[in-house]
Amino acid sequence: MASAMVKRNILLNPGPATTTNSVKMAQVVPDICPREKEFADIMRDLGKDLVEIAHGNVDDYTAVLFCGSGTLNIDVCVSSLVPENKKILILNNGSYSARAVEVASYYHINHIDLQLPTDRPIDLAVVQKALEENSDIAVVYCCMHETGTGILNPVKEIGALAHNVGAIMVSDTTSAYGLIPIDLKRDNLDFIMASAQKGLMSMTGLSFVIGKTKEIEKSAKYPTRSYYSNLYLQYSFIRDKGEMHFTPPVQTIYATKQAIKEYFEEGEKAKQRRHREVWETLWNGIHKLGFKTAYPKEYMSGLVVPVMYPKYSDGREFSFQKFHDGLYEKGFTIYPGKVEDVGMFRLCSLGAIYVEDAENFLKAAEEVLKKEDLMPDSF
Ligand SMILES: *Cc1c(COP(=O)(O)O)cnc(C)c1O
């Protein structure tokens, strides 16, 4: 097979992530109709591996695959899992949980938008109070790792509160899956979600919801609010025919098969340690350059460094664009913040990147800051 070297860019944006050359090349395969048995076999194994990565038992949990970006999973879970005359409680402490509120609004689903401070993890007492005041909550929803801020929410404890009142726990784990420990049962998670281009370090276009099979089966009787993104419809098609209902992202599935092989080769613990070390290097290095970060370290997932724009004593404005463009030219991609009215950019440690890459980034950052006269005063 062809094995050209492709230029390696260091993506410090919150996904898609830097991929290995072997994952890139795994997409180059003979043309195949995805209705062939050969392809169905790949899909079946893939589904099992995805459950295994979250330490789920394949007898109890199923991975339901979709063709689309990660937001499709939010659409699927919110539109498919709320029974008639029941509500979804959305714990909203960042832009990704706010997206779930938007989805619920679009489908006119009964929901509670529990607005919480975005600068800290979710407060369990507030969740408990909302559950006590509303007896009709069937689903509790939260984002595990709010990628916009880098804040990690206590999903396990929230899941326990949900289960106490007989509700199911759904979490957007898109930027946590394959990156920080998730154990479905231990963490009280009934439904999680992710897409191939984040923690798995594969390509875009494949997203998946992993959920309790019993709960998916139950949802067959829930109101249907969407056709293309109905969870039960897609689940039953995969269960009965071993295929996705409509055309799957064929090449991305080949890439993901390779990415999962590399995931298990690297090992869960070693991979988590690597992402953490890259993050620590970025966190410490950016402080050394005179920047301040936006939130206390103990709130952080260890995957996103939220960096405040520096303020200069002479009144100059920080130019994210100049900083970004200078770095982009050198092969590093940084990303703006996602918190309204706060001048912030983000450095993420998601992909196939190593401490050495983070060190090279910091050197490049210093060069660009000096060249563009953007060095923080405190440097
Ligand atoms: C990336 C991400 C998503 C999905 O975003 P898409 O742009 O649709 O891929 C959803 N939730 C979280 C927490 C994410 O980080």
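Scope of the values below: all heavy atoms of this structure, side chains included, with no hydrogens, waters or symmetry mates. Atoms within a ligand are numbered from 1 in the order they appear, just like the ligands themselves. Small disclaimer: the values here were computed from a predicted structure and weren't measured.
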Asker: For salt bridge (charged side-chain N to carboxylate O under 4.0 Å, His left out), just list the numbers for Asp41 and Arg44, CA-CA rounded to whole Å, side-chain angles, deciding distance to a tenth of an Å, and then say yes or no.
Answerer: CA-CA 5 Å; Asp41 290 345; Arg44 196 188 47 244; 3.3 Å; yes
Asker: Under 4.0 Å from any heavy atom of Ser175, which atoms of ligand 1 are there?
Answerer: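 Those of ligand 1 that fall under 4.0 Å from Ser175 are 13 (C), 15 (O).
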Asker: Restricting to non-hydrogen atoms, name the atom on Ser175 and the atom on Leu303 that form the minimum distance, rounded to 0.1 Å.
Answerer: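 Scanning both residues, the minimum pair turns out to be O-CD1, 3.5 Å.
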Asker: Is the shortest N/O to N/O distance between Cys143 and ligand 1 below 3.5 Å?
Answerer: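 Among all N and O atoms of Cys143, none is under 3.5 Å from an N or O of ligand 1.
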Asker: So which of Thr147, Thr204, Leu350, Asn13 gets nearest to atom 13 (C) of ligand 1, if we judge by its closest heavy atom?
Answerer: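 It is Thr147 whose heavy atom sits nearest to atom 13 (C) of ligand 1.
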Asker: Considering only heavy atoms, does Thr71 approach ligand 1 within less than 4.0 Å through its side chain, its backbone, both, or neither?
Answerer: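 Near ligand 1, Thr71 shows its backbone as well as its side chain.
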Asker: Kindly give the heavy-atom pair with the smallest separation between Pro14 and Thr147, and that separation in Å.
Answerer: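 The answer is CB-CG2, 3.5 Å.
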Asker: Within 45° of the axis and under 6.0 Å from the centre of the six-membered ring of Phe332, does NZ or CZ of Lys330 qualify?
Answerer: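 Relative to the ring axis of Phe332, which defines the angle, Lys330 lies outside at least one limit.
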Asker: Is ligand 1 under 4.0 Å from a heavy atom in the side chain of Glu146, in the backbone, in both, or in neither?
Answerer: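 The answer is neither.
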Asker: Please report the closest heavy-atom contact between Ser195 and Ser207, naming both atoms and the distance.
Answerer: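 For Ser195 versus Ser207, the nearest heavy atoms are CB-OG, 3.1 Å.
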Asker: State the atoms of ligand 1, each with its element, that fall below the 4.0 Å cut-off from a heavy-atom position in Gln197.
Answerer: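 This gives 9 (O) as the contact atoms.
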Asker: Between Tyr295 and Arg120, is there a cation-pi geometry (under 6.0 Å to ring centre, at most 45° from the normal)?
Answerer: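 Arg120 over Tyr295 ring: no.
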Asker: So which protein heavy atom does atom 9 (O) of ligand 1 come closest to, and at what separation?
Answerer: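 Checking every protein heavy atom, the shortest distance to atom 9 (O) of ligand 1 gives Gly70 N, 3.0 Å.
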Asker: Provide the closest heavy-atom pair for Thr18 versus Asn9 in the form atom of the first, atom of the second, distance.
Answerer: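 Smallest heavy-atom distance, with atoms named: OG1-O, 3.0 Å.
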Asker: Looking at Arg99, which atoms of ligand 1 are within less than 4.0 Å of one of its heavy atoms?
Answerer: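 Counting from 1, the qualifying ligand atoms are 5 (O).
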Asker: Closer than 4.0 angstrom: is that true for some heavy atom of Met193 and an atom of ligand 1?
Answerer: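 For ligand 1, residue contact (heavy atoms, under 4.0 Å) with Met193 is absent.
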Asker: Is it the case that ligand 1 has an N or O less than 3.5 angstrom from some N or O of Lys198?
Answerer: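 There is such a contact, yes.
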Asker: Specify the protein heavy atom at minimum distance from atom 11 (N) of ligand 1: its residue, its atom name, and the distance to 0.1 Å.
Answerer: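 Result for atom 11 (N) of ligand 1: Asp172 OD2, 2.6 Å.
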Asker: Grab the two heavy atoms, one from Ile151 and one from Asp119, that are nearest each other, plus how far apart they are.
Answerer: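 Heavy atoms only, the tightest pair is CD1-C, 3.3 Å.
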Asker: Which atoms of ligand 1 are found less than 4.0 Å from any heavy atom of Ser69?
Answerer: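 Contacts of ligand 1 toward Ser69, numbered from 1: 6 (P), 8 (O), 9 (O).
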